[in-house]
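All remarks here apply to the structure that follows.
Ligands are counted one by one from 1 in listed order, and the atoms in each one are counted from 1 as well.
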Amino acid sequence: MDTSNIFGLSGDILFKSRGPYDDSDFAGVYCDYIDAISLAGGIPIILPIIEDEASIRQQLQGVHVLVLTGGCDVNPKVYGEEPSPKLEAIVNERDTYDLRLIRIAVEMRIPILGICRGMQILNVAFGGSLYQDIAEVVSIAHRQTMKRNEPCHKVNVVSPSLLHQIVGATSLLTNSFHHQAIKKLAPGFIVTATSSDGIIEALEKPGDTPILALQWHPEMMAAKDPQMLKIFQYFAGLSITR
Ligand code: MN
């Protein structure tokens, strides 16, 4: 029997912010992730933030692909810096969870797709650092005000690379919703896409297990951009025996 790959989505958390149960926090992901994975033929599941490492390992037991989702800033303490005045919202629980999730997923040889904050925390997890606010180093807009499924800027794709293999193009038009970016690239990673102002827009870790991360949000564009859908289709099509 053919089965589909299960995509575990790292969950975000909203603090006491919705509905009649407003004394309870809320765990989840934006539905664009769910829709893009479903459209690509994968099965999305949400991984809520938990603390116990053995339990996180069990969360990942049935997961074929880990998706590190977008969200708030990473606490600069994690990469050894003091907070900039331009730093935005931080959720320490999420940093702790994501870092454990990444470490255990790598141990378990689970393919990883990092998106936006997911790329940033992946880089930090492997010893890299971030620009806490990219305003000082950019010359194009990276925080668009148009609709989230519309492209904002171009990225140049390095060839050969996994990203190039997936999208089959040397440039892409992407959306952009970030005010942080990779500063020091983590050891063992390569840059596989940049914007024209030199911001790192994609990185990957060469090796047996696919690890790809993107600064933009392909899940928001996948319904109307076949190249963005291909990114999810690639992970949905991986043959994973565990
Ligand atoms: Mn960008």
Side-chain angles (χ1 to χ4, degrees), residues 9-10 12 29-30 32-33 36 67-74 76 79 81 84 86-90 94 98 112-126 128-159 161-164 166-186 189-205 211-232 234-235:
L9 292 155
S10 65
D12 206 343
V29 300
Y30 284 109
D32 287 335
Y33 294 103
V67 179
L68 299 167
T69 64
C72 56
D73 286 359
V74 176
Y79 48 89
E81 285 187 16
S84 146
K86 298 282 181 59
L87 190 66
E88 298 182 359
I90 295 289
R94 203 172 173 205
D98 283 356
I112 298 175
L113 173 62
I115 294 176
C116 200
R117 166 201 160 83
M119 169 168 114
Q120 295 168 358
I121 194 130
L122 183 71
N123 183 61
V124 167
F126 279 88
S129 70
L130 305 178
Y131 291 112
Q132 293 188 42
D133 181 72
I134 56 175
E136 306 137 43
V137 293
V138 296
S139 58
I140 64 172
H142 288 271
R143 220 174 207 182
Q144 74 190 51
T145 53
M146 67 278 254
K147 287 182 192 163
R148 70 189 192 284
N149 64 358
E150 290 177 353
C152 163
H153 65 63
K154 193 175 84 153
V155 306
N156 295 305
V157 177
V158 174
S159 170
S161 66
L162 176 59
L163 180 61
H164 182 265
I166 294 170
V167 299
T170 52
S171 75
L172 292 171
L173 290 170
T174 71
N175 58 8
S176 196
F177 291 97
H178 56 114
H179 88 109
Q180 297 200 312
I182 306 303
K183 185 160 67 180
K184 180 189 146 205
L185 183 69
F189 279 76
I190 55 169
V191 173
T192 59
T194 51
S195 51
S196 60
D197 55 358
I199 291 294
I200 294 175
E201 293 277 347
L203 49 82
E204 33 194 272
K205 189 170 190 299
I211 298 182
L212 171 66
L214 312 168
Q215 185 57 76
W216 71 93
H217 284 274
E219 79 284 3
M220 296 175 182
M221 306 179 75
K224 71 172 201 179
D225 184 335
Q227 278 180 313
M228 297 303 168
L229 181 60
K230 278 182 190 172
I231 295 164
F232 296 95
Y234 167 77
F235 283 92

- request: Give the intermediate values and the outcome of side chain to side chain donor-acceptor pair (under 3.5 Å) for residues Gln180 and His178.
  value: CA-CA 6 Å; Gln180 297 200 312; His178 56 114; over 6 Å; no
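- Draw a line from the Mn ion (ligand 1) to NE2 of His178 and another to OE2 of Glu201, and the angle between them is 100° (to 10°).
- Between Ile115 atom CD1 and Leu212 atom CG the span is 9.0 Å, to the nearest 0.5 Å.
- Residue contacts to the Mn ion (ligand 1): His153 brings an N, O or S atom closer than 2.8 Å.
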message: Would Ser195 and His153 count as a side chain to side chain donor-acceptor pair (under 3.5 Å) here? Give the steps.
response: CA-CA 7 Å; Ser195 51; His153 65 63; 5.1 Å; no
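- Here His142 contributes ND1 and Ser176 contributes OG, and at the Mn ion (ligand 1) these two atoms make an angle of 100°, given to 10°.
- Looking at Glu81 and Lys184, no side-chain N of the basic residue comes within less than 4.0 Å of a carboxylate O on the acidic one, giving no salt bridge.
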